[in-house]
Amino acid sequence: MYNHQCNVVIWATIAACLIGFLPSSQGYSPREDARMIAAYKRELELNHAKIGRQLVHQATWASVGTISTNKIVENYPMVNIISVDDSDVLGNSTGRIRFMLTDLDFTGPDWQKNNKVTFMFTDAQNLNCQKAGMDPMEPTCARIILSGQVKKMEKDNASYKPALEAFLKRHPAGANWMKFHTFYLCELVINNIFVLDFYGGPHEVSASDYYAITI
C-alpha cells in the first residue's frame, strides 16, 4: 500500500510539472513529456551526498573563499587555490578535507581573524564536464560547496601523523612547504554543505550524511 501511494504521489507530481511547463497555447507533445519524465526520474535517483564525496575525493585542489585581511581589499571576499586531500594512508576516502596553509599567503591570515571559509569542488576540475560537452556553469556539471571553520591540526594529536602521511602521498611538495615556508596542516570543520548536480537548484546535505557515504 505504501509503495502504491508513493507512486501515485510521484506521478501526480510529474503530471503537475508537465501541466505547469506546457504553455496553454501548445498542444500535447509526447516527446517533451518523455524528456521531462526521464529528467525527473534521473533527479530522483541522484545520491547528492555520494556525488559530493566523490567530487571531494577525486580533487587535488579546491577554490577557497575567505573574508580578506589584506589592506588593499580588506573585508572583501578573497578566493584562493588550496591543495587538498581527504584520504587515509591507504588512499581511501574519509571525507575529511585536509590542507596546508601558511601565514605568508592570503588564506592563512584571513582565517585567523575571521574563521569562516567556503570550499568549492567541481567536476570541471578534471575536465569531465568538458569531455561531456557541458559548460562548467551548467547545473549538471556537478559541484559541492562546503562552509565551515579551519582547524589547525596539532602535532601531538593521534590523527596528525596519518593525516600528514596521506597528504604528502598526494602532494609530495608539501614536505618542502613545511620546511621552508612555515606551512601547517589543517582540517575543515564542516558546518554546511550544498550539492548542485541537476536542474532545480542546490541540495542541502548534512555533514552526517556526507561522512556516512562509503566510496
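Both backbone and side-chain heavy atoms feed into the values below; hydrogens, waters and symmetry mates do not.
Closest of all the heavy-atom pairs between Arg143 and Pro136 is NH2-O, 3.3 Å. Across Val189 and Lys151, no two heavy atoms sit closer than the pair CG2-CB, 3.8 Å. For the pair Ala59 and Gln125, the tightest heavy-atom approach, listed with the atom from each and the gap, is CB-NE2, 3.8 Å. Across His48 and Val205, no two heavy atoms sit closer than the pair CB-CG2, 4.0 Å. Of all heavy-atom pairs spanning Ala166 and Ser87, the tightest one is CB-O, 3.3 Å. Taking both residues in full, the closest heavy atoms of His57 and Gly91 are given as CE1-O, 3.3 Å, listed atom of the first, atom of the second, then distance.
Leu168 and Tyr184 are not part of a single hydrophobic cluster, where members link through side-chain heavy atoms under 4.5 Å apart. Hydrophobic cluster membership is shared by Leu164 and Met153, with clusters built from Ile, Leu, Val, Met, Phe, Trp and Tyr side chains linked at under 4.5 angstrom. Phe194 and Val56 are not part of a single hydrophobic cluster, where members link through side-chain heavy atoms under 4.5 Å apart. Each of Ile82 and Trp177 belongs to its own hydrophobic cluster when Ile, Leu, Val, Met, Phe, Trp and Tyr are linked at side-chain heavy-atom distances under 4.5 angstrom. Leu188 and Leu185 are not part of a single hydrophobic cluster, where members link through side-chain heavy atoms under 4.5 Å apart.
Between the side chain of Tyr210 and the backbone N or O of Gly52 there is no donor-acceptor pair closer than 3.5 Å. Looking at Gln54, its side chain never comes within 3.5 Å of a backbone N or O of Ile215 through a donor-acceptor pair. At distances below 3.5 Å, at least one donor-acceptor pair connects side-chain atoms of Asp88 with backbone N or O atoms of Leu90.
For Arg98 and Tyr160, the positive end is not near the middle of the six-membered ring at less than 6.0 Å and at most 45° from its axis.
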Between Asn191 and Gln149, does the side chain to side chain donor-acceptor pair (under 3.5 Å) criterion hold? Intermediate values first, please.
CA-CA 8 Å; Asn191 289 339; Gln149 283 82 41; 2.8 Å; yes
May I have the step-by-step check of side-chain contact (heavy atoms from CB on, under 4.5 Å) for Arg96 and Tyr211, ending in yes or no?
CA-CA 8 Å; Arg96 299 188 176 280; Tyr211 284 124; 3.8 Å; yes
If you apply the rule side-chain contact (heavy atoms from CB on, under 4.5 Å), what do you find for Leu46 with His203, and how did you get there?
CA-CA 11 Å; Leu46 291 175; His203 297 268; 6.0 Å; no
Working for side-chain contact (heavy atoms from CB on, under 4.5 Å), residues Phe183 and Leu101
CA-CA 5 Å; Phe183 275 76; Leu101 295 178; 5.5 Å; no
Show your reasoning for whether side-chain contact (heavy atoms from CB on, under 4.5 Å) applies to Ile193 and Asp209.
CA-CA 10 Å; Ile193 302 173; Asp209 286 347; over 6 Å; no
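Partner Thr118 forms a side chain to side chain contact (heavy atoms under 4.5 Å, CB included) with one of Pro77, Ser147, Ser63 and no other, that one being Ser147. Checking each of Asp85, Asp86, Thr60 against Arg170 for a side chain to side chain donor-acceptor pair (under 3.5 Å) leaves exactly one that passes, namely Asp85.
Rounding to the nearest 0.5 Å places OG1 of Thr94 at 6.5 Å from CZ of Arg53. To the nearest 0.5 Å, atoms OG1 (Thr66) and CG (Asn114) are separated by 8.5 Å. Here the NZ atom belonging to Lys116 is positioned 8.5 Å from the CD1 atom belonging to Ile67, to the nearest 0.5 angstrom. Note that CE of Met100 and NE2 of His181 are 12.5 Å apart. Values are rounded to the nearest 0.5 Å. Between Ile190 atom CD1 and Ser206 atom OG the span is 10.5 Å, to the nearest 0.5 Å. Atom SG of residue Cys129 and atom CG of residue Asp135 lie 9.0 Å apart, to the nearest 0.5 angstrom.
Looking at heavy atoms from C-beta onward, Val84 lies out of side-chain contact with Val64 at the 4.5 angstrom threshold. Taking the side chain as every heavy atom from C-beta outward, Leu55 and Asp123 approach each other to under 4.5 Å. Taking 4.5 Å as the limit, some side-chain heavy atom of Phe198 sits within range of a side-chain heavy atom of Thr140. Looking at heavy atoms from C-beta onward, Thr182 lies out of side-chain contact with Asp103 at the 4.5 angstrom threshold. Cys141 places a side-chain heavy atom less than 4.5 Å from the side chain of Thr122.
Side-chain contact check for Ser159 and Asn157: at least one donor-acceptor pair (N or O, by modelled atom type) lies under 3.5 Å.
Counting heavy atoms of neighbouring residues, nucleotides and ligands inside a 6.0 Å radius, atom NZ of Lys169 exceeds 12 of them.
Sequence neighbours left out, the pairs with a member in residues 83-120 that pass ring-ring contact (aromatic ring centres under 6.0 Å, His included) are Phe99-Phe119.
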